[in-house]
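First comes the structure, then the notes that go with it.
Chain A is the first sequence line, chain B the second, and so forth, proteins listed ahead of strands; every chain is numbered from 1.
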There are 2 protein chains.
Amino acid sequence: MNPSSALFEHRPLYEVKANLFKGLAHPVRVRVLEVLADSVEVPVADLLADTGLEASHLSQHLSVLRRHNLVIADRRASQVYYRLAYPQVAELLRVSRSLLVDILETTRHQLDLTVASASA
Amino acid sequence: MNPSSALFEHRPLYEVKANLFKGLAHPVRVRVLEVLADSVEVPVADLLADTGLEASHLSQHLSVLRRHNLVIADRRASQVYYRLAYPQVAELLRVSRSLLVDILETTRHQLDLTVASASA
DNA sequence: GGACGGATTCATAAATTCATCATATCGTGT
DNA sequence: ACACGATATGATGAATTTATGAATCCGTCC
């Protein structure tokens with residue numbers, strides 16, 4: 001079965017989107033994507049060194065990222081190089097960081113208010 | 001326990017990000033967010049009608065969205081109104097759609113190539 | 001204050017995802 | 001062709017998430 005059929009055929013957009021977010025919903029995978037977003041391409045060996053993961057564990061997450069069409073693997077000279085498949089992947093990471101910053105700021109303010117009224 | 005502590009304290013960014021994506025990683029939640037992105041605020045009754053879900057089921061997903069600080073609930077006159085907590089939430093939806101469009105286009109082209117070479 | 005509609009929480013079984021270990025593949029050098 | 005380093009796949013139990021139904025909470029109206 002072609003991956004595109006699983007991803008798109010006869011499925012409402014919100015299901016496909018949710019599926020995309022599932023692909024992003026793991027610390028290891030986000031970490032890998034962040035590393036990839038910082039350079040043109042990265043060999044698996046470097047990812048292994050960066051993350052300190054067991055090879056098969058990392059490999060499984062890379063497989064998930066490939067299945068979701070988020071990264072592209074390139075085999076050259078006994079090593080495999082990964083890169084982001086689309087610039088939007090990096091953009092998702094950027095927007096999510098911006099959102100998290102705002103959330104953190106808001107919850108901090110709320111904490112301040114709580115503390116202030118408690119001590120008043 | 002304050003929600004912000006669970007989300008942010010002493011956790012590397014990629015874990016927090018992954019957690020955010022987890023909050024988005026369900027069709028019902030994406031659907032709800034898409035509806036919310038289209039109007040200023042929406043009462044739960046409307047969400048129920050739109051999605052056709054069982055009340056408790058929808059409520060649980062709304063609870064997840066609240067816990068992730070993605071939406072804000074507002075109780076007024078026996079009804080509860082929801083709205084997006086930050087514009088970045090809508091932006092995440094937009095970027096993800098753009099990404100999916102590109103993925104679909106690419107995989108379509110690949111299909112074309114496959115078919116062409118098979119029949120050549 | 002009691003009943004009612006609207007929404008949430010709780011409890012639990014089913015489904016999914018994750019981590020770990022063993023095994024398999026793919027390319028390169030000998 | 002064989003052995004080796006690099007990466008991927010398969011299988012399994014553990015942990016997490018989801019769907020469903022029962023019970024509860026919160027305002028409003030009588």
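Proximity of Tyr82(A) to the phosphate of dA8(D): a side-chain N or O atom is located under 4.0 Å from OP1 or OP2. Note on Arg67(B): every side-chain N or O is 4.0 Å or more away from OP1 and OP2 of dT9(C). Applying the 4.0 Å criterion to OP1 and OP2 of dT17(C), one finds that His61(A) has every side-chain N and O outside that range. Neither OP1 nor OP2 of dC25(D) sits under 4.0 Å from any side-chain N or O of Arg75(B). Look at His57(A) and you won't find any side-chain N or O under 4.0 angstrom from OP1 or OP2 of dC21(C).
Counting distance only, with no hydrogens placed and no angle test, the side-chain atoms of Ser56(A) and the base atoms of dC21(C) include a donor-acceptor pair under 3.5 Å. Remark: the Gln79(B) side chain and the dT28(D) base include no donor-acceptor N/O pair separated by less than 3.5 Å. A donor-acceptor contact under 3.5 Å is not formed by the side chain of Gln60(A) with the base of dT7(D).
In this structure, a donor-acceptor pair under 3.5 Å is present between the side chains of Tyr86(B) and Thr106(A).
The aromatic rings of His61(A) and His26(A) lie tilted to each other, with the angle between the two planes from 30° to 60°.
Straight-line distance from the CG atom of Leu65(A) to the P atom of dT9(D): 13 Å, rounded to whole Å. Between the CG atom of Leu24(B) and the P atom of dT18(D) there is a distance of 12 Å, given to the nearest Å. Between the P atom of dT8(C) and the CG atom of Leu47(B) lies a distance of 9 Å, rounded to the nearest Å. Counting to the nearest Å, the P atom of dA8(D) and the CG atom of Leu53(A) are 13 Å from each other. Taking atom NZ of Lys22(B) as the reference point, atom C1' of dT18(D) lies 14 Å away to the nearest angstrom. To the nearest angstrom, P of dA6(D) lies 14 Å from CG of Leu58(A). Spacing between atom NE2 of His68(B) and atom P of dT17(D) amounts to 8 Å, rounded to whole angstrom units. Between Ile72(B) atom CD1 and dA7(C) atom C1' there is a gap of 18 Å when expressed in whole angstrom units.
Heavy atoms of Arg66(A) sit under 4.0 angstrom from primed sugar atoms or phosphate atoms, though from no base atom. Within 4.0 Å (heavy atoms only), Ser59(A) reaches at least one base atom of the nucleic acid. Counting non-hydrogen atoms under 4.0 angstrom, Leu62(A) reaches the backbone sugars and phosphates but no base.
Residues Val30(A) and Leu24(A) share a closest heavy-atom pair of CG2-O, 3.1 Å. Heavy-atom minimum distance, Arg76(A) versus Tyr81(A): O-CE1, 3.8 Å.
Judged by distance alone, the side chain of Arg31(B) and the main-chain N or O of Asp50(B) form a donor-acceptor pair under 3.5 Å.
Placement of Tyr82(A) and Ile72(A) in two distinct hydrophobic clusters is found when ILVMFWY residues are connected by side-chain heavy-atom separations under 4.5 Å, directly or transitively.
Residue Arg29(A) is the one, among Ser78(A) and Arg29(A), whose nearest nucleotide of DNA chain C lies closer to the 5' end (criterion: closest heavy atom). Place Val44(A) and Arg76(B) on DNA chain D by their nearest nucleotides, and Val44(A) ends up nearer the 5' end. Nearest-nucleotide positions on DNA chain C place Glu54(A) closer to the 5' end than the other of Ala77(A) and Glu54(A).
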